[in-house]
Amino acid sequence: MTDLISTHTHGALGIIRMTRGPVNALGHALRVAISQAHRTFESDPAIAAIVLTGQGRFFSAGADITEFDSGRRAPFLTDLIAQLEASTKPVIALVNGIAYGGGFELALGCHGLAALSDAKVAFPEITLGNIPGAGGTQKLPRLIGGPAALDIILSGKPISAKRAHDLGIAQSIDGTEAEALTRIEADLADGPPQRLPRDLTVEGSPEDLSEVAAPYLRRARGAPAPAKALEGVQMAYDTPLDAGLAWERETFTALNTSPEAKALRHVFFAEREARKIEDVPPQTPKRALASAGVIGAGTMGAGIAKCLADAGLSVTVIEQEQDRLDQGLARIRAIYDEAQSKGRLSKADAEARLARISGSTSMDALCEADIVVEAVFEAMDIKRSVFAALDKICKPGAILATNTSTLDVNEIAAATSRPEDVIGLHFFSPAHIMKLLEVVRADKTAPDVIATAMALGPRLGKVPVLVGVCDGFAGNRMFINFNREAQILIEEGALPWQIDAVLSDWGLAMGPLAVMDLAGLDVGYRIRQARGPQSPYPFTTADRLAEAGHLGQKTGRGWYLYPDGARRGQPDPEVETLIKAVSQEKGITRREISDEEILHRCLWQLVNTGYQIIEEGIAQRPSDLDVIFVNGYGFPKTRGGPMFFAEQTGLARVAADVRRFHAEIGAHWTPSALLLEQAETADA
Ligand code: NAI
């Protein structure tokens, strides 16, 4: 017995229970422990069969990902699986809870697979840029056929016990371990299980796979793992198992060191790290949240109300006038209707969640709310009056949150007598879809309010990142500088379609100019007009376009032309003429700008601003900024985020570029002291 496993007997069954908290990751020590326990039971004459199971929510979440970068040691998982397959006594996997990746492969290496009703199996490797590496691509097709196996491998998504049973992965489902053991004993009495996946052959032809593979390959945008998964499953049809396993092993190892896999692992760990707050330890008490208020049921408020109701909170939505309230509630219903029509939610679930949402035109209805999220117009005087009213109405201990994207949360908090309860919850649009939640800590926000807000994030299906108060917080402050650089490049000689092509080839979902067209050029225009002279200067062309009614997709022309409601824009010769006229007016001699210069100037603006933000204590660590960009700004996870990309490029090189841009282009390239310092350390 170790803290990794426990063993006991149940009649003639020898039970090996994995007990390595928190998720039974199959690290070296656990592999050794299982191997030894199996040998012990195998040589025990009183034991007829061996049952391998887990505890709590986990059978096993799979490989210990930390070993991917620190190096793995024998016995490898494949060795352990080979040992179980060669066992002289049958081994039954009793899958309780989650069996993912290597955990699922371990179960597929057993002579039988029994599931408890809360079991879930999945191959999430694809989400980390890889394929299953311990038999998954070869054995699952043998067990359930090529197309179904490929879909599981390419989607990375969990399969419920029931579906696993329907597909033929699990032979039985029971409610409790005791019931499952009784069934296993009874089945053994009828004879040993005959179904080792390695001994089966795949029916059908590899051609059957193309329909399943096509959409995944399209979305892969050149990332290598999905194509390799397809190749592996194709091999399962006609290649002897051991040759298939050798190919899989080699491919897994090669993909593991691919830049995409490294970047995806970085994002995985970065999201976990983002939850850690230096001065708010994990044991900080959290406030209970059962009921919520949302003030303003516009674009953002409607989506926020849905997130809260989905998480099980009762939600009261406030608008000042009845017709606005009716429109807001209709907006929420429309979001649920859309989720239903896309098959994401059943009618019954949608109705149950909608039933948790009520509306009122009086803020007094918020007197019992545990948390209130304000999403009214972006104007300081309105926000302050809302918070002053909340201060009078809300019960002591209620969390008062603002969804402001640009305003000073300290100033909003100062409108109350309880600034310690005030925090920013900056959702991104559309609020019910975008994963990012910037949790904005103001000067006086209490630690338990921060801890509660960070814990609320995952409940809402969001990835929370803590930031501090400054103009634009972390994400928008960086993003505006990125956009500003694109504008400067346009004035210097680049064209919008060149910039968008460079950045989307690099991996962005959309280039910055196409994004402006989608959001509407009037949005930024209004903000710049409101800010007056302190507004960023090089948006002249964008402003001229907005003034001429070129507002983007909605008016059929912006930076691009969108004939007949097209969603993809075409280059517009008139815009090119306007751009050239603006350069001339400003006395700029246009020049040829290389794709590399475009890429680095846009990305290093993000990076330099990112280091400034960390220097100022607005964000805690570079990886938090990566989490922000991949979850809130359409940055490709396969690049790991801007800060990771800079580290991979070499901070010394980035710092040298930034210094050069500073000398050649202007003061907005003043290098961050922290970037220079990090570049030196990285160099040493
Ligand atoms: P919106 O104009 O769509 O909705 C605002 C709603 O608030 C309207 O329905 C209005 O009737 C209501 N309202 C105004 N004053 C009110 C009051 N005193 N009491 C009750 N209801 C009131 O605006 P949107 O886009 O939803 O923005 C709301 C907030 O979210 C703003 O602070 C904005 O900066 C922020 N935000 C917006 C994002 C976006 O992309 N639209 C992204 C992130 C944050």
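Just so you know, residue 1 is the first one in the sequence shown, and it goes up from there. We count ligands from 1, going down the list as the structure has it; atoms in each ligand are counted the same way.
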| field | ligand 1 contact by Phe428, heavy-atom criterion under 4.0 angstrom | value | no
| query | Taking N or O atoms only and a 3.5 Å limit, does Thr404 qualify as a polar contact for ligand 1? | reply | no
| request: Could you tell me whether Lys395 atom NZ has more than 12 heavy atoms of other residues or ligands within 6.0 Å of it? | output: yes
| Would you say the side chain of Ile295 lies within less than 4.5 Å of the side chain of Leu390, judging by non-hydrogen atoms? | yes
| Exceeds 12 heavy-atom contacts within 6.0 angstrom, atom NZ of Lys435 | no
| field | Residue and atom name of the nearest protein heavy atom (relative to atom 33 (C) of ligand 1), distance in Å to one decimal | value | Glu378 OE1, 3.6 Å
| Can His426 be said to touch ligand 1, with heavy atoms closer than 4.0 Å? | yes
| Distance filter under 4.0 Å to Ile318 heavy atoms, resulting ligand 1 atoms | 20 (C), 21 (N)
| note | ligand 1 to Gly296, heavy atom cutoff 4.0 Å, flagged ligand atoms 6 (C), 7 (O), 12 (C), 21 (N)
| task | Give the numbers and elements of all ligand 1 atoms closer than 4.0 Å to a heavy atom of Ser429. | result | 39 (C), 40 (O)
| query | Is there side-chain contact between Asp624 and Leu466, with heavy atoms separated by less than 4.5 Å? | reply | no
| What do you reckon, are the aromatic ring centroids of Tyr633 and Phe428 less than 6.0 Å apart? | yes
| field | Within 6.0 Å of NZ in Lys444, more than 12 heavy atoms from elsewhere | value | no
| query | Closest non-hydrogen protein atom to atom 20 (C) of ligand 1, residue and atom name please, with distance? | reply | Ile295 CG2, 3.6 Å
| field | Protein heavy-atom partner closest to atom 9 (O) of ligand 1 - residue, atom, separation in Å | value | Glu319 OE2, 2.5 Å
| remark: Among Val523, Ile527, Val376, closest by heavy atom to atom 31 (C) of ligand 1 is Val376
| said: Given Leu489, which partner from the list Pro496, Pro538, Cys602 fulfils the side-chain contact (heavy atoms from CB on, under 4.5 Å) test? | reply: Cys602
| field | Pairing of Glu547 and Arg544 as salt bridge, 4.0 angstrom limit | value | no
| request: Indicate whether any N or O donor in one side chain lies under 3.5 Å from an N or O acceptor in the other, for Glu321 and Thr361. | output: no
| query | What orientation do Trp506 and Phe635 show, parallel under 30°, tilted 30 to 60°, or perpendicular over 60°? | reply | perpendicular
| task | Measure the distance from atom 19 (N) of ligand 1 to every protein heavy atom, then report the residue, atom name and distance (to 0.1 Å) of the closest one. | result | Gln320 CG, 3.5 Å
| note | Check: of Ile304, Thr299, Asn403, min heavy-atom distance to atom 44 (C) of ligand 1 comes from Asn403
| Does Gly328 come within less than 4.0 Å of ligand 1, judged by its heavy atoms? | no
| query | Would you say Arg331 has any N or O atom under 3.5 Å from an N or O of ligand 1, going by distance alone? | reply | no
| How close does the nearest protein non-hydrogen atom get to atom 2 (O) of ligand 1, and which residue and atom is it? | Phe377 CE2, 3.3 Å
| note | atom 39 (C) of ligand 1 sits nearest the protein heavy atom Met300 SD, 3.7 Å
| field | Distance from atom 4 (O) of ligand 1 to nearest protein heavy atom, with residue and atom | value | Gly298 CA, 3.3 Å
| field | Exercise check, heavy-atom protein proximity under 4.0 Å to atom 7 (O) of ligand 1 | value | yes
| task | Would you mind listing which atoms of ligand 1 come within a distance below 4.0 Å of any non-hydrogen atom of Arg324? | result | 8 (C), 9 (O), 10 (C), 11 (O)
| Does Lys383, backbone or side chain, put an N or O under 3.5 Å from an N or O of ligand 1? | yes
